[in-house]
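Working notes for the structure below.
All heavy atoms count here, side chains included; hydrogens, waters and symmetry mates do not. Since this is a predicted model, take the numbers as computed values, not measurements.
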Amino acid sequence: MKRRDLVYYVGWFTLLILLGVWMLLWALGTLKFGEAILLWLLSASMLLVVIGGISGRRPASNVQLGAGLVLCVFVLIMLGIVSDVLGGFVGAAVGIILIGIIGLLLLFRNIKLEA
């Protein structure tokens with residue numbers, strides 16, 4: 001099995017485990033159904049960012065990083081609107097922090113230092 005295949009399967013199984021965790025919290029009455037779905041989407045977007053970050057310098061990893069970041073910011077804003085989990089400005093602030101972290105990750109991954 002190639003490393004690329006392993007990352008693919010680990011990503012999907014992790015996503016299913018996270019879906020189960022958020023649905024369990026909904027079933028126990030801790031979260032509303034919409035909040036559970038949005039938190040699962042937030043988990044999925046963060047998983048995209050992590051997998052894109054460890055994938056290397058392939059063009060597909062930049063797409064994963066960008067898609068994960070856009071989805072993460074969108075879900076954080078939606079969580080701020082529909083629930084009491086995050087305030088609207090808290091979601092925007094975390095989104096800005098994530099944009100900065102991804103920018104630094106891309107910078108350090110693509111920089112070539114000269115001796």
Side-chain angles (χ1 to χ4, degrees):
M1 180 179 285
K2 296 179 183 175
R3 179 180 177 195
R4 187 175 57 217
D5 295 336
L6 182 66
V7 170
Y8 175 80
Y9 289 117
V10 168
W12 275 107
F13 289 133
T14 304
L15 198 60
L16 288 174
I17 291 169
L18 289 170
L19 177 64
V21 168
W22 292 118
M23 290 297 110
L24 178 65
L25 289 174
W26 166 68
L28 292 173
T30 307
L31 297 172
K32 298 176 195 168
F33 181 73
E35 292 172 348
I37 294 295
L38 287 173
L39 287 169
W40 177 66
L41 285 174
L42 182 64
S43 302
S45 65
M46 291 307 296
L47 191 62
L48 269 174
V49 169
V50 168
I51 290 173
I54 65 172
S55 292
R57 294 185 178 174
R58 296 189 317 240
S61 67
N62 289 337
V63 172
Q64 286 175 331
L65 283 170
L69 182 63
V70 168
L71 183 62
C72 185
V73 171
F74 175 74
V75 169
L76 283 170
I77 291 171
M78 290 302 296
L79 271 171
I81 292 172
V82 301
S83 71
D84 297 330
V85 175
L86 289 175
F89 289 117
V90 173
V94 173
I96 291 170
I97 291 169
L98 288 173
I99 290 170
I101 290 171
I102 299 303
L104 285 174
L105 181 68
L106 287 173
L107 175 71
F108 288 130
R109 193 176 66 172
N110 293 329
I111 196 168
K112 294 179 183 175
L113 296 175
E114 297 179 13

* Rounded to the nearest 0.5 Å, what's the gap from CE on M78 to CG on L71? Could you check? => 11.5 Å
* To do: Examine L38 and I17 and state if one hydrophobic cluster contains both, with Ile, Leu, Val, Met, Phe, Trp and Tyr joined whenever side-chain heavy atoms are less than 4.5 Å apart.
  => no
* Asked: Looking at residues at least two apart in the chain, or sitting in another chain, which of them share a side chain to side chain contact (heavy atoms under 4.5 Å, CB included) with L24?
  -> L28
* Identify whether V70 and I37 are in the same connected component of the hydrophobic contact network (ILVMFWY, side-chain heavy atoms under 4.5 Å). => no
* V75 with V21, same ILVMFWY side-chain cluster at under 4.5 Å -> no
* Structure fact -> Smallest heavy-atom separation, L18 atom then W40 atom, equals C-CD1, 3.7 Å
* What heavy-atom pair brings L31 and A36 nearest, and what distance separates the two atoms? -> CD1-CA, 4.2 Å
* Structure fact -> Heavy atoms of S43 and W22 approach each other most closely as OG-NE1, 2.9 Å
* Asked: So, for T14 and V10, which heavy atoms are closest and what is the spacing to 0.1 Å?
  -> OG1-O, 2.6 Å
* Structure fact -> Hits for ring pair (Phe, Tyr, Trp, His ring centres under 6.0 Å) against F33, two or more places apart or cross-chain, chain-then-number order -> W26
Between side-chain atoms of residues 45-53 and protein atoms elsewhere (two or more places apart, or another chain), which donor-acceptor pairs fall under 3.5 Å?
from	atom 1	to	atom 2	distance (Å)
S45	OG	L41	O	3.4
S45	OG	L42	O	2.7

